[in-house]
Number of protein chains: 2
Amino acid sequence: MPDIKDVAKLANVSIATVSRAFNNKPDVSEKTKKKIFDIAKQIGYEPSIPARTLTKRKTNILGLIVPDISNPYYGEVVRGIEDTCHIYSYNVILCNADNRREKEFQYIDILKNRWVDGIIFHSDYFLKEHFEAFKSKNIPVVLAGRATELDTAYVAIDNFKAAYDAVNYLISLGHERIGIIHGPLDGMKETVDSVARLMGYRKALEEAGLNVYDELHMEADFKAKGAFLAAKKMLEGRIKPTAIFAISDMMAMGAINAIYDSGLRCPEDISVMGFDNIDLCEVTRPALTTIAQPMYEIGAIAARMLIKMIENRETGSIQPKKIILDHKLMIRDSCSRIKN
Amino acid sequence: MPDIKDVAKLANVSIATVSRAFNNKPDVSEKTKKKIFDIAKQIGYEPSIPARTLTKRKTNILGLIVPDISNPYYGEVVRGIEDTCHIYSYNVILCNADNRREKEFQYIDILKNRWVDGIIFHSDYFLKEHFEAFKSKNIPVVLAGRATELDTAYVAIDNFKAAYDAVNYLISLGHERIGIIHGPLDGMKETVDSVARLMGYRKALEEAGLNVYDELHMEADFKAKGAFLAAKKMLEGRIKPTAIFAISDMMAMGAINAIYDSGLRCPEDISVMGFDNIDLCEVTRPALTTIAQPMYEIGAIAARMLIKMIENRETGSIQPKKIILDHKLMIRDSCSRIKN
DNA sequence: TTGAAAGCGCTAACAA
DNA sequence: TTGTTAGCGCTTTCAA
């Protein structure tokens with residue numbers, strides 16, 4: 001591959017001039033600029049980004065840590081991130097960490113050694129350890145899909161409020177025994193989605209003066225199969241729910257399956273409410289009533305925010321921004337009014 | 001951030017020795033090695049990968065060009081790729097090209113300038129232009145999910161055979177009017193999945209002595225909504241199908257929806273066969289009968305193959321490997337025997 | 001408007 | 001076993 005010297009030699013200029021031309025500096029005459037570009041094109045020269053990285057100490061790469069790209073929710077978020085990066089001339093290094101701390105920290109380390117300009121971090125948890133890791137390595141970070149009390153920028157929704165709204169909708173349909181299928185609670189740390197959503201669920205029930213049954217709380221793993229099992233167990237229990245709130249769409253679909261397998265129907269016998277609003281919601285039968293998270297926007301806004309942080313870094317460190325995006329109740333066919 | 005000089009100074013050795021220690025060269029005494037690592041740890045030093053890249057002329061990065069990561073099929077493939085890369089100490093730069101040539105070539109260019117060690121390319125098409133681009137830039141490439149006559153390595157399934165098997169299964173259930181919803185055909189180029197699958201479909205019908213109705217061929221965009229419309233149109237047509245073969249699961253789900261919306265049932269009135277076997281297949285009602293592509297394996301094997309190609313590059317260029325993986329008919333509930 | 005030269009942080013050949 | 005030194009391909013002062 002040709003390098004800057006080759007171009008300089010053929011164009012009869014110094015490498016500094018070639019560099020200037022390719023960096024669009026004003027102080028190169030149009031004539032030499034043209035000559036340089038012509039020759040570059042001819043021999044197929046384009047500047048090496050790794051070499052540039054070393055002098056500029058900037059990679060124009062964002063690191064992306066997510067639990068699992070094969071999950072449609074993250075696919076959508078990542079799509080928003082990548083599209084935005086492309087607009088701003090950044091590239092994305094993708095890392096799947098499966099919510100495992102060890103893998104997360106390993107990736108943080110690798111990304112840091114790769115000199116990425118910043119990291120978008122998406123995980124079921126954001127702990128003090130994570131915060132310290134980013135801080136000590138002095139690397140800009142934006143949390144996607146998750147809020148935090150810590151001094152870190154994020155783009156998320158209000159999970160408490162979203163769950164509260166979801167359950168209130170079920171209550172408004174006349175439901176009184178409403179089950180919930182949530183994810184791992186990790187010792188009820190408040191930073192965890194599952195916990196915030198569980199709280200919102202309880203608050204709604206309590207405000208309505210309804211019983212909160214422990215038997216109607218089930219934990220699963222955010223996947224359809226796990227929720228299928230959880231829902232089965234719930235349906236076989238002592239207290240029979242008339243509605244189930246699953247805190248992810250995939251889990252809701254698992255729950256619907258369990259209902260059918262138990263010889264019941266959704267929504268005629270049991271209503272099911274999801275969370276996320278992935279593409280599939282409108283495609284399945286019954287179409288899933290759910291809480292919509294703006295996944296693409298979460299990704300896109302997080303990326304833009306991070307890029308702004310990176311590019312304003314010298315301009316004095318600003319307060320990390322904390323953005324809460326609106327969620328939205330999507331009423332479809334999986335929840336119906338209770339029959340008297 | 002500390003660099004190699006800082007460590008060398010504090011450890012009273014030359015930077016060469018530090019470099020040797022971190023590269024696990026045999027010719028460093030255990031004693032100095034320990035001293036170096038201790039100090040490195042203390043001041044938080046780890047080698048800069050961009051700097052190493054420049055001397056070694058190797059990034060340990062694979063470029064990944066896919067149409068759209070928000071599509072679950074690609075999520076699964078990418079997951080296989082990333083997992084494999086992680087094992088071999090590679091990282092992945094993710095690029096969404098939306099099947100648009102212009103964006104594909106732009107990304108190929110960027111990746112090349114980033115000195116990625118190789119590219120995994122996944123697109124609905126692999127054209128001579130693509131081949132030439134990779135060749136002229138002298139960059140190792142593996143095609144994922146797509147075969148080619150060109151001199152390029154790939155990991156794929158036999159799309160013709162897979163469609164042939166799918167349709168034969170429908171025929172074995174007694175269906176005679178079988179519709180197909182395929183993707184864009186792009187002038188019937190043979191390298192296109194849709195074309196290969198359409199051919200397999202026709203072959204099966206012809207071999208069984210069945211009519212091939214033009215009215216039962218519909219084109220859509222691989223998405224649920226597009227297939228929904230296409231299926232509607234087919235159902236309103238002159239020739240009524242008793243089964244529909246959609247060449248992606250998402251399209252199959254759209255088709256099932258259209259069937260319901262037309263007041264019909266699946267599979268009682270019309271059977272639907274999908275293609276891919278994404279996670280959702282077992283979660284929807286009816287559970288989708290489909291052709292399973294080993295998506296994760298396609299990604300994982302493509303990545304391993306590319307890494308092998310990269311690491312054997314000096315050992316003389318070997319013939320590009322062409323691997324066809326097995327597909328599998330997954331019988332679930334969306335196809336049933338025709339009633340007489 | 002251009003060029004010479006130092007340096008980004010590292011590896012590797014050669015010498016000691 | 002260790003050190004010296006010349007790059008890797010570029011950007012950026014400083015000088016002309």
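Throughout, protein chains are lettered first and strands after them, A, B, ... in sequence-line order, and every chain is numbered starting at 1. Note: hydrogens, waters and symmetry copies are ignored here, and every other heavy atom, side chains too, is used.
- A side-chain donor-acceptor contact under 3.5 Å links A/Arg146 to the backbone of A/Ser123.
- Residue B/Thr53 is classed as having no contact, given no heavy-atom separation below 4.0 Å to the nucleic acid.
- Heavy atoms of A/Val18 sit nowhere under 4.0 angstrom from any nucleic acid atom.
- Residue contacts shown for A/Asp6 are absent, as no nucleic acid heavy atom lies under 4.0 Å away.
- Atom NZ of B/Lys35 is separated from atom C1' of D/dT1 by 12 Å (rounded to the nearest Å).
- A distance below 6.0 Å separates the ring centres of A/Phe121 and A/Phe134.
- Heavy-atom contacts of chain B under 4.0 Å fall on DNA chain C between two terminal nucleotides, which in 5' to 3' order are C/dC8 to C/dA13.
- A straight line from CG of B/Asp27 to C1' of D/dT2 spans 9 Å, rounded to a whole angstrom.
- Between B/Lys9 atom NZ and D/dG3 atom C1' the separation is 16 Å, expressed in whole Å.
- Position along DNA chain C of the nearest nucleotide to B/Ala51 versus B/Ala16 favours B/Ala51 as the more 5'-ward residue.
- Looking at heavy-atom distances under 4.0 Å, A/Tyr45 makes contact with sugar-phosphate atoms alone, never a base.
- Residues B/Tyr154 and B/Phe126 place their aromatic rings such that the two centres sit no closer than 6.0 Å.
- Note that B/Arg101 lies in the cation-pi zone of B/Tyr125, set by a 6.0 Å cut-off to the ring centre and a 45° limit from the axis.
- In terms of modelled atom types and a separation under 3.5 Å, the side chain of B/Lys35 and the main chain of B/Ala11 share a donor-acceptor contact.
- Here D/dT12 presents its P atom at 13 Å from CG of A/Asn24, a figure rounded to the nearest Å.
- Taking only side-chain nitrogens and oxygens, B/Ser14 never comes nearer than 4.0 Å to OP1 or OP2 of D/dT4.
- As rounded to whole Å, 17 Å separates atom C1' of D/dC10 from atom CE of A/Met1.
- The separation between B/Asn12 atom CG and D/dT4 atom P is 12 Å, rounded to whole Å.
- Within 4.0 Å (heavy atoms only), B/Lys33 reaches no atom of the nucleic acid at all.
- Atom-to-atom, CZ of B/Arg57 to P of D/dC10 comes out at 9 Å; the value is rounded to the nearest Å.
- Residues A/Arg20 and B/Trp115 each lie close to DNA chain D; by heavy-atom proximity, the contact nearer the 5' end of the strand is made by B/Trp115.
- When the P atom of D/dG3 is taken as reference, atom NZ of B/Lys25 falls 16 Å away, rounded to whole Å.
- Within the nucleic acid shown, B/Thr17 comes within 4.0 Å of sugar-phosphate atoms alone, with no base atom in reach, counting heavy atoms only.
- At least one donor-acceptor pair under 3.5 Å links the side chain of B/Thr53 to the backbone N or O of B/Ile49.
- The listed nucleotides are D/dC10, D/dT2, D/dC8; the one nearest the side chain of B/Thr55 is D/dC8.
- Between the side chain of B/Asn96 and the main chain of B/Asp98, no donor-acceptor pair closer than 3.5 Å is present.
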